[in-house]
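Here is the naming used below: chain letters follow the sequence lines, and residue numbers restart at 1 for every chain. Bear in mind the structure is a predicted one, so any value in this text is a computation, not a measurement. Keep in mind that the numbers below use all heavy atoms, side chains included, and drop hydrogens, waters and symmetry copies.
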Amino acid sequence: MLTNTPFSPPSASNFAAEYDFVFFLLLGLTIFFSVVVGIAVIFFTVRYRQGSKADRSRPIYEDLRLETTWSVIPLLLGLVMFFLGAKVFVDMKVPPKDAQEIFIIGKQWMWHVQHSNGVRENNTLHVPVGKPVKLTMISQDVIHAFYIPAFRVQMHVVPGRYTSMWFTPTKAGKYHLFCSMYCGTQHSEMGGTVVAMEPKAWANWIANGGESVPPMTLEQAGQKLYNNISCNNCHGADDNLRAPSLYGIWGKQRKLSNGTSVVADETYIRESILRPHNRLSSGYGPTMPIYEGKITEQDIPKLLTYIKAIGTPGGVPASSPTSLDAAALNGTGGTMTPFASNAIQYQENLKKRLDATPTTRRGNPAVNAIAAQEEGRQ
Amino acid sequence: MAAIADAHGHGHDEALHHQFEDMDQQNEAYLVGMWTFLVTEVMFFGTLFIIYTLYRSMYQMDWYLAHEALNIPMGGVNTIILLISSFTVAVAVRSAQRRERNLVLWNLGITLVCAVGFLGIKSVEYMEKFQHNLYPGPEFGRHPEYLHGAAPNFAQLYYGLYFGMTGLHAVHVIVGIIVIAYLWVKWFLNAKNVTLDYVPTEMVGLYWHFVDLVWIFLFPLMYLMPKP
Amino acid sequence: MSSIPIEKGLENSSPHQREQANYLTVDWSLKSWLTTGDHKRIGIMYLISISFFFLLGGISAGLIRYELTSPAGRVLESETYNKIFSAHGILMIFTFLVVAIPAVFGNFLLPLMIGARDLAFPRLNLMSWYLYMIGGTLILGGMINGGVDSGWTFYVPYSSMYANSNIALVIVGIFFGGFSSITTGINFIVTTHKMRAPGMTWFRLPLFVWAMYATSVVIILGTPVVAITLLLIVFERVFQLPIFSPELGGDPVLFQHLFWFYSHPAVYIMILPAFGIQSELIANFARKRIFGYHFVAFSTLAIAGLGFLVWGHHMFISSQSMYQGIVFSLISFLVAVPSAVKIFNWTATLYKGNIRLTSPMIYALSFIGLFTVGGLTGLFLGSLGTNVHLTNTYFIVAHFHYVMVGGSLTAFLGALHYWWPKMTGRLYSESLAKWNAVLVFVGFNLTFFPQFVMGWMGMPRRYHYYYFAPEYQPYHLMSTAGASVLALGLIIPGFYLLKSLANGPKASANPWGAHGLEWETASPPVTTNFEQTPIVMDEVYDFDPVLEHEQAQARKALEPTGYEGYEPGALAEPKKDESDLGGKS
Amino acid sequence: MATTPLSKAAGHGGHHEVKFNHLFGNLLALMALMGITIWASYVNFGNSTINNLIALLIASVKACLVIWIFMGVKFATPLTRLWVAVGFIVFILMFGILGDYATRRFEPTAGWELNRPNGGGTALPREWPPAKRPEQGAENFRPRL
């Protein structure tokens with residue numbers, strides 16, 4: 001199709017063809033109507049210019065049939081276009097079950113990526129061709145938007161809530177990654193590259209830790225962190241007096257102490273780690289320590305992955321094919337470095353590596369004060 | 001729009017502005033104008049009510065607990081005060097139509113007293129909240145006992161809206177006091193543009209009724225939450 | 001249109017006395033201007049002030065275009081660039097587009113068109129100008145003192161918690177500007193309802209009045225929402241009163257809902273008046289009653305009403321619920337229909353007309369073309385799937401510039417040229433104006449068409465640098481080249497219009513031979529608009545193309561040289577007794 | 001002149017004088033309704049939604065009384081009534097914003113079908129292919145909805 005013209009962005013995902021069809025259909029409509037209206041205007045202007053000898057007898061001023069015609073035809077065309085567009089949109093909104101989950105954390109002004117096997121990267125995203133990828137995204141400060149033109153996908157990355165999008169890359173190559181929602185001074189430089197790799201190459205890449213050596217898979221790191229920050233002291237295999245068990249809760253409806261209920265999704269669990277007292281599980285008191293300010297946004301995906309693993313009945317084991325780590329794809333098994341000696345060391349290392357471009361919340365004393373106040377409350 | 005030419009010829013229409021043909025047209029123009037202004041006010045407060053509805057549906061329990069710190073008797077007394085003042089304004093408008101100057105002065109006077117009384121009680125309430133560190137900001141929740149067990153974050157959201165909505169309402173009350181006082185002075189001085197024409201009084205009345213209207217919703221929503 | 005002759009009672013006066021009677025020359029002192037209640041003077045004051053803000057907005061646009069010619073920027077820091085593009089958006093939207101046509105032409109023409117002596121509340125009208133000036137001054141003050149770098153959309157939490165610029169002051173300025181809009185809206189609504197001359201029924205109203213009415217409804221219903229929403233940001237920045245803060249459980253997306261609840265209708269505040277002007281220009285220069293008057297009038301109201309139901313189509317990818325997105329997309333396609341109806345009706349009006357290609361008409365015709373493209377590309381963004389890729393890119397920038405600049409600004413220029421003789425009593429050089437109109441059209445397309453391609457290729461908006469994606473540079477270069485042409489086209493009218501004030505020929509009451517009450521009074525009008533309240537006896541746009549064609553042929557034989565573009569014989573003041581020839585039986 | 005009641009002087013019935021008893025009766029009604037609101041807020045109806053509805057209903061009735069009698073809409077022209085209505089209608093329209101929040105929880109999410117409380121059905125009926133893996137690199141292998 002027209003997608004290979006120099007005026008088009010590369011088409012490199014499963015959405016590109018579906019999307020481009022709607023786009024070019026709309027483009028055709030646009031050109032058609034513009035040309036029809038343009039020609040009519042020029043033709044009438046020339047023919048009925050003042051002083052021309054054209055016949056002006058019996059002019060029409062109202063014509064219900066004509067009005068109805070040109071109301072109904074655009075309406076019908078519009079409905080067709082609406083339907084086609086909505087279909088693409090719904091496709092984009094419904095990720096397949098076996099999608100490889102990757103966590104994206106946006107902050108002023110960089111993207112941080114966490115793969116399920118623990119590989120982290122900044123401002124680049126390596127994805128395998130032919131494999132659905134689901135991005136679970138959150139922002140640590142302001143609203144960003146994750147935009148890959150070649151994949152025709154774009155989604156806001158909102159603070160305080162996980163948003164998601166998915167795609168299946170179809171063509172290997174390097175593509176632009178942009179932050180498309182204005183986010184502050186260096187907005188235009190918040191971006192990087194999406195590298196779509198052949199599955200073999202990708203498996204190699206991720207097994208060798210990408211550009212950094214992965215200490216452990218995301219789930220293992222989550223388990224370690226879970227124990228290190230003492231979640232396991234209270235949240236055991238069964239509900240106890242102090243805390244509800246986290247086994248089997250993922251995606252379940254949870255009764256809250258205030259009578260309402262909520263689905264235990266990423267957003268809720270994140271909220272319960274950071275500010276547990278806001279939404280207490282039914283039957284439990286506000287005894288859990290507040291972790292806001294104590295663990296970083298980058299740590300939360302680890303805990304989430306772990307809680308998801310233990311929270312899904314039948315359990316998705318950490319190295320199962322669905323979580324698609326290196327071992328599953330190239331059949332050799334990834335190399336893991338020894339676990340970090342202790343949690344403090346681990347967190348410090350993490351901080352050093354990840355906060356290469358630290359974000360300061362400038363300007364607003366309120367926010368700093370709220371943070372300080374939260375600390376003071378401990 | 002019956003009269004076409006010679007609109008200024010009517011002897012009795014000293015209060016008629018040059019752009020209108022007759023008093024009838026002028027009066028309705030002013031009333032419709034006032035109502036369109038009140039429409040903007042409805043949307044203005046309406047936005048806050050939308051925000052309130054959303055957050056309250058999200059954080060019912062915490063808001064219920066947070067609202068327990070409010071002083072219901074004071075809110076109730078304020079409601080009574082506003083209802084009475086609304087009544088006196090309505091009577092003042094009626095008296096203005098009948099050109100009973102003394103009655104207008106008395107009723108507007110009572111309204112003024114009520115309005116100032118409302119603000120007085122409101123400021124006592126505010127003082128109490130400030131002493132209990134219940135105003136949004138870094139100091140919020142310094143005294144957790146006044147949160148009645150509500151999650152501090154959501155309670156802060158509640159008090160953000162509480163101060164936002166009642167504060168904006170109070171600003172409207174202050175504007176009302178200024179306008180009513182101005183009108184009172186005009187009546188006191190027997191100024192022709194109010195004594196010959198009841199519409200200025202009626203417009204002030206409409207404004208004051210609207211202030212009352214907002215409070216009619218604010219009071220149950222802010223003070224009288226049921227336990228979820 | 002038959003009405004009581006206007007200059008009755010003045011026919012024996014000397015030309016000098018007659019000149020004194022008009023609204024411009026009735027008093028020369030500055031105080032008389034600053035305390036005037038005259039809607040025409042307030043319109044002129046608005047014209048001067050919005051021109052100033054437009055100039056500032058235009059300069060910032062020029063800076064943006066110059067900066068983007070290089071992938072690594074030319075002269076600005078990123079922070080400055082962000083402040084410049086925010087300034088461009090805020091100035092152009094809040095101090096120019098929302099205000100321009102209603103406050104200048106609505107103010108000036110609405111009472112004239114319906115045969116009223118003034119707007120219903122002249123002092124409120126003056127207050128609205130002062131509110132506008134206070135607002136504009138605060139906005140400028142904020143931009144000079146610290147700047148504002150959040151874009152005109154002020155998305156939280158960036159604007160409320162992270163931005164380190166003077167957002168609070170600018171928002172307070174916008175708040176004042178909003179109240180200026182509201183007072184104008186109230187005034188127009190009441191005037192349209194209550195001040196129509198006898199015989200001026202609803203369906204004899206010129207379509208511009210319909211458009212102003214619909215606009216006013218949108219203004220008074222929408223503006224308070226954005227006013228309070230933006231004010232909440234100020235509260236958060238100044239008093240730490242949190243409403244949208246995600247830390248406290250607030251939802252930043254709620255801000256977007258409330259913001260677009262106004263800001264989508266605000267698009268109609270900007271474009272509906274342009275529709276009104278468009279109808280006037282097309283009808284009067286095709287010299288034919290507008291095709292489907294009722295349809296055009298009702299589609300205006302339909303757009304205003306439906307405009308309140310589509311705010312969510314700005315938020316398809318902002319993590320709004322998918323179902324809500326689908327509903328909004330559907331309604332967005334519905335709202336496209338009344339706009340399409342208007343386009344077709346204007347085109348159909350040309351059929352069997354008696355078209356004079358004057359400068360306002362060239363603007364009107366280019367409006368049809370540009371708005372068609374602007375409206376149709378809106379479908380790309382209203383369609384859910386295509387929106388995902390195109391939103392937040394230059395495609396959307398191009399789309400709304402086609403609607404706002406190609407629509408509103410073109411209509412504004414057309415209106416300025418059309419009613420300039422009425423407002424000032426002077427004629428400008430029509431041939432220069434014609435060429436300039438063509439220049440604007442060419443420059444505009446050159447500027448914004450490449451941006452469609454660029455957006456389709458994925459260039460995000462509000463980017464300062466694109467050194468990592470240099471493939472976009474050719475389009476930026478084209479766009480900047482076009483922008484300089486467009487800038488030229490916007491500067492030239494300033495010169496010839498001002499020159500006409502100094503030494504342009506004096507205009508007669510009806511230099512275009514147009515139809516409508518405003519052309520029945522002197523140019524410039526007297527202070528009370530009409531010596532006596534007119535009685536409207538005939539329909540609006542009551543032209544007869546066939547008869548006019550014959551008349552024109554006959555006149556051509558009599559006086560072959562008219563002042564180009566203007567109705568021959570209706571040109572200059574001295575031929576007073578002949579000035580009725582222009583167009584009416 | 002100044003002694004004539006304005007209504008007679010204008011001679012057109014552009015406004016209507018409200019009876020004093022009318023106003024006073026209205027005040028009493030408002031007071032009574034306020035009392036009921038406070039009382040009702042302390043009664044346990046078993047579900048707080050009922051309390052909320054009662055409170056809002058009473059507030060709406062009170063608002064209508066104020067608008068109808070105190071603000072004189074009872075005697076106003078149709079034009080005025082139109083504008084009274086418009087504001088409240090558009091205000092109610094604004095509640096459409098809440099539709100977003102009401103439907104958000106039904107967003108389709110991958111992999112939770114089995115754990116959903118409603119027995120595995122997601123918001124949208126979906127069928128997933130058997131575990132057969134499609135050819136790598138094939139476009140659009142995902143089944144249509």
Side-chain angles (χ1 to χ4, degrees), chain A residues 7 9 19 22-23 26 30 33-34 37-38 40-41 44-45 48-51 56-57 59 61-62 67 70-71 74-75 78 81-82 85-86 88-89 92-93 141-143 145 147 149 152 154-156 158-160 163 176 178 180-182 184-189 361-364 366-367 370, chain C residues 78-79 82 151 155 157-158 161-164 240 246-247 252 288-289 291-292 295 317-319 322 326 329-330 333 336-337 340-341 343-344 347 350-356 365 368-369 372-373 376 379-380 383-386 388-389 392 453 457-458 460 462-465 469 545-546 549 552:
Chain A
F7 306 112
Y19 173 93
V22 183
F23 180 87
L26 269 169
T30 304
F33 277 106
S34 310
V37 170
V41 166
F44 289 151
T45 309
Y48 298 109
R49 71 190 180 277
Q50 193 176 40
R56 290 178 175 80
S57 59
Y61 296 115
E62 304 257 344
E67 298 276 6
W70 64 44
S71 306
L75 181 66
M81 296 322 296
F82 156 74
V88 180
F89 186 69
M92 286 175 173
K93 279 281 183 178
D141 34 49
V142 304
I143 297 176
Y147 178 34
R152 315 282 191 276
Q154 181 173 201
M155 186 70 196
H156 277 201
V158 183
T163 57
H176 287 304
F178 293 128
S180 60
M181 185 69 226
Y182 176 69
T185 308
Q186 291 173 43
H187 164 59
S188 58
E189 288 167 293
R361 307 184 136 199
R362 306 181 304 160
N364 193 334
V367 179
I370 291 168
Chain C
S78 281
E79 201 170 344
N82 295 343
Y155 270 21
Y158 182 72
M161 293 208 237
Y162 291 86
N164 202 13
Q240 305 171 5
E247 274 86 353
K288 185 161 166 286
R289 182 182 161 85
F291 184 86
F295 262 83
I317 61 153
S318 66
S319 83
M322 182 181 91
I326 291 172
S329 172
L330 181 62
F333 274 97
V337 173
V341 167
I343 295 273
F344 292 133
T347 312
L350 300 175
Y351 176 66
K352 292 196 174 175
N354 199 2
I355 298 164
R356 277 191 293 141
L365 294 179
I368 295 184
T372 307
V373 175
L376 283 165
L379 297 185
F380 289 76
S383 161
L384 285 158
T386 41
V388 172
H389 170 57
N392 286 338
V453 185
M457 290 176 66
R462 295 176 172 174
Y463 261 32
H464 179 211
Y465 299 130
V546 184
H549 178 64

* Do Tyr182(A) and Pro460(C) have side-chain heavy atoms sitting under 4.5 Å apart? ->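 No; the side chains remain at least 4.5 Å from each other.
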Looking only at Ser78(C), Pro246(C), Gly292(C), the option with the highest number of non-hydrogen pairs under 4.5 Å against chain A is Gly292(C)
Original post:
Who among Leu365(C), Asn354(C), Thr372(C) has the most heavy-atom pairs with chain A under 4.5 Å?
Top reply: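 Most heavy-atom pairs within the cutoff with chain A belong to Asn354(C).
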Applying side chain to side chain contact (heavy atoms under 4.5 Å, CB included) to Val88(A) and not counting sequence neighbours gives Glu18(A), Val22(A), Met92(A)
Is [X] in contact with chain A via its backbone, its side chain, both, or neither, using a 4.5 Å heavy-atom distance?
{"X": "Phe295(C)", "result": "side chain"}
{"X": "Tyr465(C)", "result": "both"}
{"X": "Val341(C)", "result": "both"}
{"X": "Ala336(C)", "result": "neither"}
{"X": "Leu379(C)", "result": "both"}

**Request:** Examine distances only and state if a side-chain atom of Arg56(A) and a backbone atom of Gly353(C) form a donor-acceptor pair shorter than 3.5 Å.
**Result:**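 Yes, the answer is positive, given that a donor and an acceptor are paired below the 3.5 Å cut-off.
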Counting heavy-atom pairs under 4.5 angstrom with chain C, the leader among Pro159(A), Gly160(A), Gly38(A) is Pro159(A)
**Asked** Among Gln154(A), Glu62(A), His176(A), which residue forms the greatest number of heavy-atom pairs with chain C at distances under 4.5 Å?
**Response**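 Top option by heavy-atom pairs under 4.5 Å: Gln154(A).
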*asked:* On a heavy-atom basis, which atom in Ala145(A) and which in Asn392(C) lie closest, and how many Å separate them?
replied: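 Closest approach of Ala145(A) to Asn392(C), heavy atoms only: CB-ND2, 4.5 Å.
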Val388(C) and Arg152(A) have their tightest heavy-atom pair at CG1-O, 3.8 Å
Side chains of Ser319(C) and His156(A): any donor to acceptor distance under 3.5 Å?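 No, no side-chain donor-acceptor contact under 3.5 Å.
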Checking heavy atoms, do the side chain of [X], its backbone, both or neither come under 4.5 Å from chain C?
{"X": "Ser71(A)", "result": "both"}
{"X": "His187(A)", "result": "both"}
{"X": "Val158(A)", "result": "side chain"}

Could you check whether the rings of Tyr19(A) and His389(C) sit parallel, tilted or perpendicular, using 30° and 60° as the cut-offs?
-> perpendicular
Next item on the list: List in chain and number order the residues that pass ring pair (Phe, Tyr, Trp, His ring centres under 6.0 Å) with Phe380(C), two or more places apart in sequence or in another chain; answer none if no residue qualifies.
Entry: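 Testing Phe380(C) for ring pair (Phe, Tyr, Trp, His ring centres under 6.0 Å), a comparison that skips the adjacent residues, returns Phe23(A), Phe395(C).
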